[in-house]
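Letters A, B, ... mirror the listed sequences (proteins, then strands); counts begin at 1.
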Amino acid sequence: MSTPLLTAPQVGVHLDLVVADSSYQAAGIRELVLRHPGRAILPSFAPGSHIVIECEGHTNAYSLTGSGDFPEEYRISVLYCPDGRGGSAAVHRLMHGEQVRVSAPRSAFPPVANARRHLLIAGGIGITPMVSHLRAAAEWGRDAELLYSYRPGQGAHLADVQALCGSSPGLSLSEFTNRRSFRAGLAEALRRQPLGTHLYVCGPQAFMDTVIAEARAACWPESRLHLEAFGSAELDAGRPFSVRLGRSGRSVAVPSGVSLLDALDRVGVTMPRLCRQGVCGECVVPVKAGRPEHRDLFLSDAEKSANSAIMCCVSRSLDPELELDL
Amino acid sequence: MKRFPFPFPHDAYRYSANIEPALTRAETAAGAWGDTVLEVDGDYRVELAERRAILQSDPSRMALLDHMRPAAWDALVLLLETLAQQYPRDMAFERSGRSCRWVNRLLDEERDFVLGDDSSLPGGPLAYASSQVQEDIVLLDQREDALWLDAGVVTFAADWSMGFDVGMRFLEVHGPVPRIHEEQIISRAQHFIMRLQPGRNYRRTNWTMTVGRRLDTSTETYPEWGPDRVSIVDDPELPERLHLRVEVQHLIRLPRSGAVMFLVRTYLASLAEVATIPAWRDRLGKVLAELPQDMADYKGISRYREAASDWLLGV
Ligand code: HEM
Ligand code: FES
């Protein structure tokens, strides 16, 4: 009961977890159970959320399949992709007890709260975000229907979704193990939904393209179609660059992953700041030469193309060096 | 006055997207504030009693569109967890599965409830949350590339109305505010809020002025407080009666529901109290004297702001 909670404000960008358990959901699909080493309760998350895992130099995003409410563990299911960038292979090699660094959960594929009904469509490993959608739908008594297309014998989380759909009268499941029956089932399901239904699709790109094309053909409005895109609100670390301070002639290196604001701080040049998100406008620095890589929301388009100012909390440089009026 | 969130960094005030990370301590001439999200102070019981009375006589101060029920529970849990962490001697929150136990010694309350079961708490999760924190609570749903004010309990509004604004978009809610649309302040703020992540909370301050130590200046009660705006001008007790009203607003992404929680905490300090800190006296006097007319009109302080700045600046 008195388990420590990893809620705000302690949560940073990363969580260091250990692999507590693992199993095969299907051939080539490994499920990992990640826990906090001190067994703390992990940050809660919205249905459809993912975490980003750093593993052997690769970073990959995976949907969380467990309950997002007060979780003691995070569960992910990873399909081994021999011709991928290697991230999945590294995750498949992780051993029990091994530490992994993961991002805090990020929500980019949530259910629409006021939807009348939710039509969830999963192809293969695309089932993973739908599992947490179904859990939440069961919990809150929402109406949801899952169309699940998988290769025979390859249905990850099949038992989970069957149990969830059996647990609540508002939930139903249709399974498909060949393309033709899926296309027929999809067409029928798209026609049958009441007005106000939202559609969510996740799976291989070609699968998602097919579903979206069919839905458009059936006159579904764009605002009711949702694709899992593993979108990330986090800015990337960016390339290293340097700045020359025009007034002193001094040069300051800005490594990848360090903001210009922080790099200036380190050499004792402190700029005002509030948001550190490129929104508030406090940290503006005049630029004398070079082209900034504008990543802020503060400067107008005209100001950005004039290249005469940079918001140093988020923006970087397109050129190897920028000259600042500091 | 030590923890009063004096909001003016300069001698002139303009709207800006003044959003900063929460929990950063802000030093002022009198002390500091901002190291907590929720703040329980000496007026805790008085303000909660006032909120209860307001809700009883005017239930429209609370709104909860049906699809916001999960968000209301999410908000309640986060608020109780935060209170318990902040005030462990007076408050405790425990949960096992969906069964929860909340202890609040300041209110002499001990309550067992079941997450998701509205009938297990008096008034349901949102009303109950608002009976435990001094902050007003607004919950925004995010959909169709916009934020919607779909729930809240707001008893201490600075001349607006929860009942009127419920169901509106964030941009519509800010429709009456001058300048912020042309300057794209509000569209930038919306863009920012829509990308807010759980656990990374932000805050801002806002301010206006109120005659009397009056928290409820909602549009609904305008007939009760509106006329004071005129009578205050020649009142010899202006320094005691006229208050600087500062709101500390927090922006919090709720982890489970994905809704945004907007908390508004209102602090009042009379001009006489402000004047005990010389730097504040001078700063507020200059801000009031300099404030552009359209902003003063919008804030409803035009009639008396000169009288106030004259007194503060000793003119
Ligand atoms: C997300 C939650 C927010 C809600 C629910 C909210 C709501 C409101 C409401 C109801 C008003 C009164 C409008 C009226 O006169 O009818 C207002 C005023 C205002 N809001 Fe917000 N607001 C939010 C966030 C923000 C943010 C992030 C900014 C930052 C840029 C902002 C800037 C303002 C300004 C400048 C005013 C005018 C205040 C004055 O001069 O007294 N608001 N807001
Ligand atoms: S600190 Fe706010 S824009 Fe840079």
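For Leu115(B), the part lying under 4.5 angstrom from a heavy atom of chain A is the side chain only. Contact annotation for Asp141(B): only side-chain heavy atoms (C-beta onward) come within less than 4.5 Å of a heavy atom of chain A. Of the two parts of Pro105(A), only the backbone, made up of N, CA, C and O, holds a non-hydrogen atom closer than 4.5 Å to a non-hydrogen atom of chain B. Proximity to chain A (any heavy atom under 4.5 Å) is restricted, for Trp73(B), to the side chain, taken from C-beta onward. Only the side chain of Arg98(B) comes within contact range of chain A, with at least one heavy atom under 4.5 Å from a heavy atom of that chain. Contacts of Arg273(A) with chain B are absent, with no heavy-atom separation under 4.5 Å from either backbone or side chain.
Residues passing the side chain to side chain donor-acceptor pair (under 3.5 Å) test with Arg25(B) are Glu27(B), sequence neighbours excluded. Ser259(A) pairs by the side chain to side chain contact (heavy atoms under 4.5 Å, CB included) definition with Leu261(A), Asp262(A), not counting sequence neighbours. With sequence neighbours excluded, the residues satisfying salt bridge (charged side-chain N to carboxylate O under 4.0 Å, His left out) with Glu172(B) are Arg169(B).
The neighbour count for Tyr15(B) OH, taken as heavy atoms of other residues, nucleotides or ligands under 6.0 Å away, is above 12. Counting heavy-atom neighbours within 6.0 Å of Glu72(A) CD, excluding the residue itself, gives a total of 12 or less. The number of heavy-atom neighbours closer than 6.0 Å to CG of Asp41(B), taken from other residues, nucleotides and ligands shown, is above 12.
Here Arg188(B) contributes atom CZ and Asp296(A) contributes atom CG; the two are 9.0 Å apart, rounded to the nearest 0.5 Å. Taking OG of Ser103(A) as the reference point, atom CD of Gln197(B) lies at 9.0 Å (rounded to 0.5 Å).
Counting heavy-atom pairs under 4.5 Å between each of Ala92(B), Ser16(B), Pro70(B) and chain A puts Pro70(B) at the top.
Asp69(A) and Arg95(B) make their closest contact through OD2-NH2, 2.7 Å (heavy atoms, listed as atom of the first residue, atom of the second, distance).
Of residues 253-260 of chain B, those residues with a non-hydrogen atom less than 4.5 Å from any non-hydrogen atom of chain A are, in numerical order, Pro255(B), Arg256(B), Gly258(B).
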